[in-house]
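Worth knowing before you read on, the calculation uses all heavy atoms, side chains too, and leaves out hydrogens, waters and symmetry mates.
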Amino acid sequence: MIGRLLNRTQTRRELRSPAWFADYTLALAAVAIACLGIAMNYASTWRSLSFEGGDPWTVARRQAIFVGIGIVVMVAAAAVDYRALRFYATPAYLAILVALGALLRWGPEIRNARSWFELPVFGFQVQPSEFAKLIVIVSLAAFVASHEGYLRFDTLFNAGLLLVVPMGLIYLQPDLGTMLVFVAIAMGMLLVAGAQLRHIVVISLAGVLALVLVFSIDALQGPRLLNETQRNRLTAFLDQDFEPLEASYNLRQSQIAIGAGGIWGQGWKQGTQTNLSLVPEQHNDFIFTALGEEFGLVGGSLLLALYAYMSVRIWQIARVASDPFGRLLVVGVLSMLLFQVFQNIGMTIGIMPITGIPLPLMSHGGSGTITAFAAVGIVISVGSRRYAL
């Protein structure tokens, strides 16, 4: 009798639309962060744009467009059965490699890097490395899912090859921050997939040795593996009194801005450091400093609470995923989100090196915003189909 009731309940669940089981609070948390991001994009740019005689809403309006597109993409990703992604993993992976390679050949050089394609539409830019994060998550999940439970070292090696090629192309841009995100994604997914601890230790030691080798080679005369800006930023993190001053200027100004916010902040659009544009790229990589100065500890804590809520919901969806592929997809997204939040906020307060990693859903940028919303949509798709056959 009990068995029949359980089977009947399970059948009813399977007959219901996936929309019945979708995690709408996760989507609302993502939208709330994005709306806060629009407000801080405006607060960190309105005065400088007005001073230059431009439209003070330019940056905020562009970000609002990106958020609108991102929400549409999130809804579409949530509506599509995530299991279909497995069949498109290889074509998408090859396509992103072509895009990254073409970027190095034909992409414009902006701020000493070739990271963006210029679009002839309103001056928008596309950053392939942002989309590469999500494509690598899908590709790695598709590959590892068939080996889940016991990953031999040769399987880990082959999985590593999936990472090495796009990471190498991104290194040539150069974009050290995005490379670190790839590492975080892989470590999280492989640990959940059943990689043995000794293999993870070996891989970690190899990474540390590679980092030491990079700095050792750069200390010698000859070709360098890191450009001057990357070396100075990493050195400034280890020694905050490092000269030249430009290397630690961003860090010092961001710490001053966050410290000036105190507990309650100076008020929206009232931040001294923000209005004087003393923190470079404040609407991009350093947007947390604008939030900290204008809304203080309370505002920063609210943002962290929203990220924490998203992380908990994503982890819960990973636990109830109906198959290894779905679970690995969700874990990959969680690893990407957590690392970017920790790294971005950490670099603004001086506990992590400055690597140019954007704050998810907050920092200005179409590629990063759309990718983050697409990732949330995929997670919702996995959770809403946990009873599907």
Side-chain angles (χ1 to χ4, degrees), residues 26-46 57-71 73-74 125 127 129-130 133-134 177-178 181 184 250 253-254 257-258 261 265 268-269 271 273-274 277 279-311 313-314 333-349 351-352 354-377 379:
L26 175 59
L28 289 175
V31 172
I33 293 174
C35 290
L36 180 59
I38 295 172
M40 299 319 301
N41 269 261
Y42 178 74
S44 59
T45 58
W46 74 277
W57 287 96
T58 299
V59 173
R61 186 184 300 112
R62 285 163 60 95
Q63 185 63 15
I65 293 173
F66 298 148
V67 170
I69 296 173
I71 292 174
V73 171
M74 177 179 66
Q125 299 172 338
Q127 188 173 5
S129 61
E130 287 293 330
K133 297 174 187 176
L134 193 54
T178 302
V181 177
N250 291 18
Q253 294 301 322
S254 68
I258 293 174
W268 189 50
K269 297 169 55 180
Q273 298 286 112
T274 298
S277 301
V279 182
E281 301 296 331
Q282 194 165 22
H283 62 294
N284 290 326
D285 303 336
F286 286 86
I287 196 167
F288 184 76
T289 63
L291 179 70
E293 183 178 29
E294 299 193 348
F295 292 98
L297 179 63
V298 173
S301 299
L302 174 62
L303 177 62
L304 290 176
L306 287 171
Y307 280 129
Y309 179 79
M310 287 185 64
S311 300
R313 297 302 302 164
I314 292 173
V333 171
L334 179 60
S335 301
M336 178 180 69
L337 174 68
L338 287 178
F339 180 79
Q340 289 194 201
V341 170
F342 179 76
Q343 168 61 32
N344 180 278
I345 296 178
M347 76 180 185
T348 64
I349 60 178
I351 64 173
M352 294 295 287
I354 298 175
T355 55
I357 293 177
L359 189 58
L361 300 169
M362 283 282 292
S363 293
H364 183 78
S367 301
T369 300
I370 294 171
T371 297
F373 272 115
V376 173
V379 171

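- In this structure a side-chain-to-backbone donor-acceptor pair under 3.5 Å is missing from Asp285 to Asn344.
- Side-chain atoms of Tyr307 do not come within 3.5 Å of backbone N or O of Ile33 as any donor-acceptor pair.
- The CG atom of Leu134 sits 14.0 Å away from the CZ atom of Phe373 when rounded to the nearest 0.5 Å.
- Nearest heavy atoms, Gln340 versus Pro360: NE2-CG, 3.5 Å.
- The closest side-chain heavy-atom distance from Cys35 to Val67 is not below 4.5 Å.
- Among all heavy-atom pairs drawn from Pro358 and Glu130, the shortest one is CG-OE2, 3.8 Å.
- Here the CG-CD1 distance, from Leu303 to Ile287, works out to 9.5 Å after rounding to the nearest 0.5 Å.
- With hydrogens and angles disregarded, a donor-acceptor distance shorter than 3.5 Å links the side chain of Ser367 to the backbone of Gln127.
- Minimum interatomic distance between Val73 and Ala374 (heavy atoms only, all atoms of both residues): CG1-CB, 3.7 Å.
- Within the 4.5 Å cutoff, the side chain of Met352 has heavy atoms near those of the Phe342 side chain.
- Taking every heavy atom of both residues into account, Ala43 and Trp268 meet most closely at CB-NE1, 3.3 Å.
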For this session: Any chance you could lay out the side-chain contact (heavy atoms from CB on, under 4.5 Å) test for Tyr42 and Lys269, step after step, and finish with the verdict?
Result: CA-CA 8 Å; Tyr42 178 74; Lys269 297 169 55 180; 3.7 Å; yes
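- Between atom CZ of residue Arg313 and atom CG of residue Leu334 there is a gap of 13.0 Å, rounded to the nearest 0.5 Å.
- Looking at heavy atoms from C-beta onward, Tyr309 lies out of side-chain contact with Leu28 at the 4.5 angstrom threshold.
- The closest side-chain heavy-atom distance from Leu359 to Thr348 is not below 4.5 Å.
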Exercise. Could you go step by step and tell me if Leu302 and Leu36 meet the side-chain contact (heavy atoms from CB on, under 4.5 Å) rule?
Worked result: CA-CA 11 Å; Leu302 174 62; Leu36 180 59; 5.7 Å; no
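- If you check the side chains of Thr274 and Glu293, you find a donor sitting under 3.5 Å from an acceptor.
- Proximity of Thr58 to Thr45: side-chain heavy atoms (C-beta onward) are nowhere separated by under 4.5 Å.
- No side-chain heavy atom of Ser254 sits under 4.5 Å from any side-chain heavy atom of Ile349.
- Pairing each heavy atom of Ala184 with each of Ser335, the nearest pair is O-CB, 3.6 Å.
- Phe66 contributes atom CZ, which lies 9.5 Å from atom CG of Asn41 (distance to the nearest 0.5 angstrom).
- Across every non-hydrogen atom of Val31 and Met74, the tightest pair is CG2-CE, 4.2 Å.
- Atom CG of Leu361 and atom OG1 of Thr369 lie 6.5 Å apart (nearest 0.5 Å).
- For the atom pair CD of Gln273 and OG1 of Thr289, the computed distance is 8.5 Å after rounding to the nearest 0.5 Å.
- Side-chain contact check for Met40 versus Glu294: some heavy-atom pair is nearer than 4.5 Å.
- Using the six-membered ring where Trp is involved, His364 and His283 have ring planes that are tilted, between 30° and 60° apart.
- At a threshold of 4.5 Å between non-hydrogen side-chain atoms, the residues Ile357 and Phe339 count as touching.
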